[in-house]
Amino acid sequence: MYYSSTRGEKKHLTSAQVIKKGIADDGGLYMPEMIPQIDNDFISSLCNLDYKSRAEKVLSLFLDDYQNLAQLCEKAYSEKNFGENPAPVKQAGDYSFLELWHGPTCAFKDMALQFMPLALSESLKMTQSDKDACILVATSGDTGKAALEGYKNLDKIKIMVFYPSDGVSKIQKLQMSSQEGDNVNVCAIKGNFDDAQSGVKKIFGDKTYAQKADRAGYFFSSANSINWGRLAPQIVYYISAYCDLVNNKKINLGDPVNVCVPTGNFGNIFAAYIAKEMGLNIGKFVCASNKNNILTDFIKTGVYDRNRPFYQTVSPSMDILISSNLERLLYLLDGSEQTAQNMKLLNENGVYKISDQTHAKIEKMFYGAYCDEDNTRNTIQKYFEDYSYLMDTHTAVATYCAEQYRKNTCDNTEMIIVSTASPYKFAADVLSSFGKSSQGDEFSAIDALKEQTSTQVPAPIAELCGKSARFNTVVNKEEMAEQVFEFLKRG
Ligand SMILES: *Cc1c(COP(=O)(O)O)cnc(C)c1O
């Protein structure tokens, strides 16, 4: 299996090479040159396997240059990391919820970020790299912690995370500043997320920094969701959920299902699209957005226009105006030439329009919907009152959109709603859905939510309370590169 860029560069790289490289030299994203096909026999053979083995079987179709996928999956999806089942499907009301937040940081990014670091580590061996990797991450919260947990204590890899000192929650800050591991570093910067992000991009784009790193024995790499190593592991859980529904007799093998995904960067929902392209019978993709509803408009009109206000919402991991992975869908539908042109327009003017034919194809498969702040809270409250099912703000956005879809289309096909975070990760806002607020900090919101709902606090969040900060550095955004090179000098 070989990979090429969405913008036309054809170097026919292996999966180990693209996981190491992250982004193509022409600025495009890597895609497999053909999508492997699965049939009902294949799906049926997965039905009586556990998650690790399902992951191994599906990933081996894409990462066919890896010899030890079984071992990597065993380690990534271990009971220690995810408990008994990394991706359980739960029933509440008329929907099946695919819960993807049983990992070490209680958000769905663990599903990919427990696997990809192991794959990178292996890739360094397979490509006989004489340099070590230095992973740089700018984070608004969830990704930074998930990446730190994934890369900690791996050979030949260092990781450095930058976060805006006033732009993350108190829990997220403590999660990162108390991080363990001897190859990790965490640094707050004075500024907002954009400052952190552009600072990291500047380091990635600067040739003299690359040479300086090279002399120190390193190359820079990214843990960002545009890396194929983050996308591939996300395909697995859609196929796994389908197997669980067959096992529980909710559907028969071969029946269609719909999926509804709370979407930011378009990574998670695009993984579902690949599963369909492989042969999984998915009927409709409900693309759920919050008040930042750029994708809802795009699906409706065929125009992607980022010239609009940016809102901070109670579902912050979806507060995004550039959905990077949409580029991969456009490439599959439109080819690389058109995609390169549209991405250039997006870069220069912040807007592009797809052809009427491509728009018609997208509208046939995708349904765009969005949910405002009030409906997010109402949905959390309603599902807890009616079904004793407690969900986080991102999952609530998706649930509301799934309801809208059914109401407006009368399509009652079995619907999988993707649940992307533990309610305790966003405790204060979940608590406010019950008309309550907590006095004091977020830890008191966690206690209050526990009291209000008699539900269990996940261990990684409960354990945080007693932890103290290891990393206290705060710097100006101009000093980020200096921090990185100081870190690389240390043993
Ligand atoms: C990252 C994230 C999302 C959005 O996922 P994308 O792949 O960026 O579309 C949704 N919910 C939560 C909790 C997240 O952390």
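We use all heavy atoms of the structure for the numbers below, so side chains are in, but hydrogens, waters and symmetry mates are not. Quick note: residue numbers are just sequence positions, from 1. Every number for a ligand or one of its atoms is a count from 1 in the order of the listing.
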Does [X] reach ligand 1 with a nitrogen or oxygen that is under 3.5 Å from one of the ligand's nitrogen or oxygen atoms?
{"X": "D142", "value": "yes"}
{"X": "N265", "value": "yes"}
{"X": "F108", "value": "no"}
{"X": "N268", "value": "yes"}

Atoms in ligand 1 with a heavy atom of [X] nearer than 4.0 Å:
{"X": "P262", "answer": "4 (C), 10 (C)"}
{"X": "F266", "answer": "9 (O)"}
{"X": "A421", "answer": "13 (C)"}
{"X": "T263", "answer": "9 (O)"}

Self-check item: K300 atom NZ, neighbour heavy-atom count above 12 within 6.0 Å
Solution: no
Quiz item: Can any side-chain N or O of N183 pair as donor or acceptor with the backbone N or O of N153 at less than 3.5 Å?
Solution: yes
Exercise. Ignoring hydrogens and angles, tell me if any N or O in the side chain of S432 forms a donor-acceptor pair with the backbone of D429 under 3.5 Å.
Key: yes
Got a salt bridge between [X] and [Y], using NZ or NE/NH1/NH2 to carboxylate O under 4.0 Å?
{"X": "E56", "Y": "K52", "result": "no"}
{"X": "D372", "Y": "K291", "result": "no"}
{"X": "K425", "Y": "D142", "result": "yes"}

Quiz item: What protein heavy atom is closest to atom 11 (N) of ligand 1, reported as residue, atom name and distance in Å?
Solution: T420 OG1, 2.9 Å
Exercise. Please state whether S225 comes within less than 4.0 angstrom of ligand 1, counting heavy atoms only.
Key: no
Quiz item: Which is it for H394 and F108 under the ring-ring contact (aromatic ring centres under 6.0 Å, His included) test, yes or no, and what are the steps along the way?
Solution: CA-CA 11 Å; H394 304 77; F108 95 95; 9.4 Å; no
Quiz prompt | Option of least heavy-atom distance to atom 14 (C) of ligand 1 (set: K109, H394, M318) | solution = K109
Self-check item: Proximal candidate to atom 9 (O) of ligand 1 [heavy atom criterion; set S289, P316, G264, S317]
Solution: G264
Exercise. Among R470, E149, K152, find the one that has a side chain to side chain donor-acceptor pair (under 3.5 Å) with Q179.
Key: E149
